[in-house]
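Accompanying notes for the structure given below.
In listed order, ligands and their atoms are each counted from 1. As the structure is a prediction and not an experimental result, all values here were calculated from the model.
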Amino acid sequence: MKKIGVIGAGLMGNGIAQTMAMSGKYVILQDITEEALLKARNKIEKSLGRLEKAGHINQERVTNTLSKITTTLEIEQACKESDLIIEAVPENLQLKRTIFEQLDRYAPTHAILATNTSELSVTSIAAVTNRADQVIGMHWFNPAPVMKLIEIVKGIDTSNETVKMIESISEEVGKETVLVKDTQGFVTTRALSAHMLECMRIYEEGVASLEDVDKAIRLGLNYPMGPLQLADYVGLDTMLYASEGLVEAYGDRFRPPQILRKLVEAGHFGVKTGRGFYSYE
Ligand SMILES: CCCCCCCC(=O)CC(=O)SCCNC(=O)CCNC(=O)[C@H](O)C(C)(C)COP(=O)(O)OP(=O)(O)OC[C@H]1O[C@@H](n2cnc3c(N)ncnc32)[C@H](O)[C@@H]1OP(=O)(O)O
Ligand SMILES: NC(=O)C1=CN([C@@H]2O[C@H](COP(=O)(O)OP(=O)(O)OC[C@H]3O[C@@H](n4cnc5c(N)ncnc54)[C@H](O)[C@@H]3O)[C@@H](O)[C@H]2O)C=CC1
């Protein structure tokens with residue numbers, strides 16, 4: 001797999017594009033606005049700069065990586081020569097199904113179509129294509145260039161060959177993998193949501209301040225980030241979509257807390273909008 005299409009250049013799309021290009025893949029990154037593409041390029045440059053400053057890569061690798069990434073507003077352009085297409089558009093089943101119809105139409109017949117969904121049904125997404133055996137969940141973690149895991153989700157019709165190819169490319173780009181059945185939330189989103197949503201309720205009930213809930217989990221349980229800080233980092237919009245999907249599958253225990261819903265209603269999605277539980281302005 002030499003050429004990778006990435007659909008959606010947001011938080012995850014730009015990190016996935018960067019990781020692939022750092023491993024020598026040619027990447028074509030697509031989004032619906034020039035602004036999103038520009039923002040993505042800036043984020044990639046910043047992240048590469050950070051890795052260079054920390055001594056992980058040299059200037060030549062930075063230049064080389066950037067030269068391997070092109071951007072486009074045309075989904076057809078991102079598909080037509082790609083061996084693997086990774087979708088990272090917002091967590092909405094209908095949107096993803098619409099995108100996959102187009103990926104199926106424009107991608108070469110050998111291409112694998114992967115979704116970075118956090119919890120939606122890979123099987124349902126695959127069902128709109130004529131190649132369900134070549135559709136798979138390839139669930140990355142934020143920040144994609146740093147986090148070690150890819151959670152591979154095998155839909156009902158995903159072939160073993162497709163699984164093997166995704167395991168192989170994940171390893172090639174320096175990631176470890178786990179293989180999971182296509183169930184709502186897989187392993188990681190189901191486990192993380194239970195923890196994060198409960199921490200939001202603890203804060204909502206006034207048990208401790210925002211800072212102290214985060215500090216308690218960070219220092220007392222040895223997590224790299226507090227749950228409310230992590231929620232801002234992941235994106236509160238994404239968290240709300242994910243928890244709504246989990247409620248449908250597992251019931252009330254994943255019900256989104258009022259505070260999460262209100263922040264999203266106000267347009268405060270976390271780091272990406274400058275405000276969430278914390279302010280970043
Ligand atoms: C209802 C719930 C629904 C949820 C559904 C959506 C979510 C999903 O589907 C799946 C997810 O992604 S869940 C989120 C997973 N991510 C995490 O948990 C991140 C937790 N935080 C961390 O690991 C570290 O704070 C972190 C690595 C971020 C930063 O590390 P530190 O705190 O130690 O800070 P630094 O010292 O600044 O960084 C450590 C090293 O990493 C490098 N780095 C960090 N960010 C980078 C980036 N964006 N690009 C490049 N390099 C980066 C940094 O340079 C540093 O390197 P060293 O100098 O070598 O240590
Ligand atoms: N935020 C996180 O920590 C993680 C998110 N995910 C999943 O990755 C996917 C994307 O999430 P984020 O990158 O956080 O969202 P985001 O909101 O940062 O980025 C989504 C991007 O998709 C673009 N987009 C919207 N409609 C589009 C279309 N029709 N065609 C092309 N691009 C379109 C948007 O303009 C935006 O740039 C979601 O399914 C999410 O659940 C998976 C792992 C971690």
Carboxylate-amine/guanidinium proximity below 4.0 Å for Arg201 and Glu198: yes

Lys/Arg N to Asp/Glu carboxylate O, Asp83 vs Lys2, below 4.0 Å: no

Residue part near ligand 2, for Ile99, under 4.0 Å between non-hydrogen atoms: side chain

Heavy-atom nearest neighbour in the protein, as seen from atom 28 (C) of ligand 2, with distance rounded to 0.1 Å: Ile32 CG2, 3.6 Å

Closest protein heavy atom to atom 35 (O) of ligand 2, given as residue, atom name and distance to 0.1 Å: Asp31 OD1, 2.7 Å

Carboxylate-amine/guanidinium contact Lys272 Asp237, below 4.0 Å: yes

Salt bridge flag under 4.0 Å for residues Glu52 and Arg61: no

Met165 atom CE, neighbour heavy-atom count above 12 within 6.0 Å: no

Atoms of ligand 2, numbered as shown, that sit under 4.0 Å from any heavy atom of Trp140: 42 (C), 43 (C), 44 (C)

Distance filter under 4.0 Å to Leu95 heavy atoms, resulting ligand 2 atoms: 29 (N)

Interfacing atoms of ligand 2 (cut-off 4.0 Å, heavy-atom, His139): 42 (C), 43 (C)

Pair Glu167 + Lys164: basic N to acidic O under 4.0 Å: no

Cation over ring face, Lys68 and Tyr26, 6.0 Å, 45°: yes

Between ligand 1 and the protein, find all N/O pairs closer than 3.5 Å and give the distance for each.
| from | atom 1 | to | atom 2 | distance (Å) |
| --- | --- | --- | --- | --- |
| ligand 1 | 9 (O) | Ser118 | OG | 2.7 |
| ligand 1 | 9 (O) | His139 | NE2 | 2.7 |
| ligand 1 | 12 (O) | Asn142 | N | 2.9 |
| ligand 1 | 16 (N) | Asn142 | O | 2.8 |
| ligand 1 | 37 (O) | Arg50 | NH2 | 2.6 |
| ligand 1 | 45 (N) | Arg50 | NH1 | 3.3 |
| ligand 1 | 49 (N) | Ser47 | OG | 2.6 |
| ligand 1 | 59 (O) | His56 | NE2 | 2.3 |

Numbered atoms of ligand 2 (with element) below 4.0 Å of Asn142, judged on heavy atoms: 3 (O)

Shortest protein heavy-atom distance from atom 40 (C) of ligand 2, along with the residue and atom involved: Ser118 OG, 3.5 Å

Basic-acidic side-chain contact under 4.0 Å: Asp252, Arg255: yes

Proximal ligand 2 atoms for Gly8, defined as those under 4.0 Å from one of its heavy atoms: 22 (O), 32 (N)

Sub-3.5 Å N/O-N/O distance, Ile7 and ligand 2: no

Pair His268 + Phe277: ring centers closer than 6.0 Å: no

Shortest protein heavy-atom distance from atom 14 (O) of ligand 2, along with the residue and atom involved: Leu11 CB, 3.6 Å

Lys/Arg-Asp/Glu bridge criterion (N-O < 4.0 Å) met for Lys25, Glu172: yes

Whether Ala88 lies under 4.0 Å from ligand 2, heavy atom: yes

Gln30 side-chain N/O to Ile7 backbone N/O, donor-acceptor pair under 3.5 Å: no

Short side-chain to backbone donor-acceptor contact, Asp133 and Thr158, under 3.5 Å: no

Glu281 bridged to Arg275 by N-O distance under 4.0 Å: no

Atom 19 (O) of ligand 2 [closest protein heavy-atom partner, distance rounded to 0.1 Å]: Gly10 CA, 3.3 Å

Lys3 with Glu81: basic N within carboxylate O range, under 4.0 Å: yes

Under 4.0 Å to a heavy atom of Glu91 - the qualifying atoms of ligand 2, by number: 38 (C), 39 (O), 40 (C), 41 (O)

Which segment of Lys272 sits under 4.0 Å of ligand 2 when only heavy atoms are counted: side chain

Top protein contact for atom 33 (C) of ligand 2, by heavy-atom distance: Val89 CG1, 3.7 Å

Residue, atom name and distance, where the atom is the protein heavy atom closest to atom 42 (C) of ligand 2: Asn116 ND2, 3.2 Å

Atoms in ligand 2 flagged as close to Lys96, the criterion being non-hydrogen separation under 4.0 Å: 38 (C), 39 (O)

Aromatic ring pairing Tyr278/Tyr280, orientation class (parallel under 30°, perpendicular over 60°, tilted between): perpendicular

Atom 13 (O) of ligand 2 - nearest protein heavy atom and its distance: Met12 N, 2.9 Å

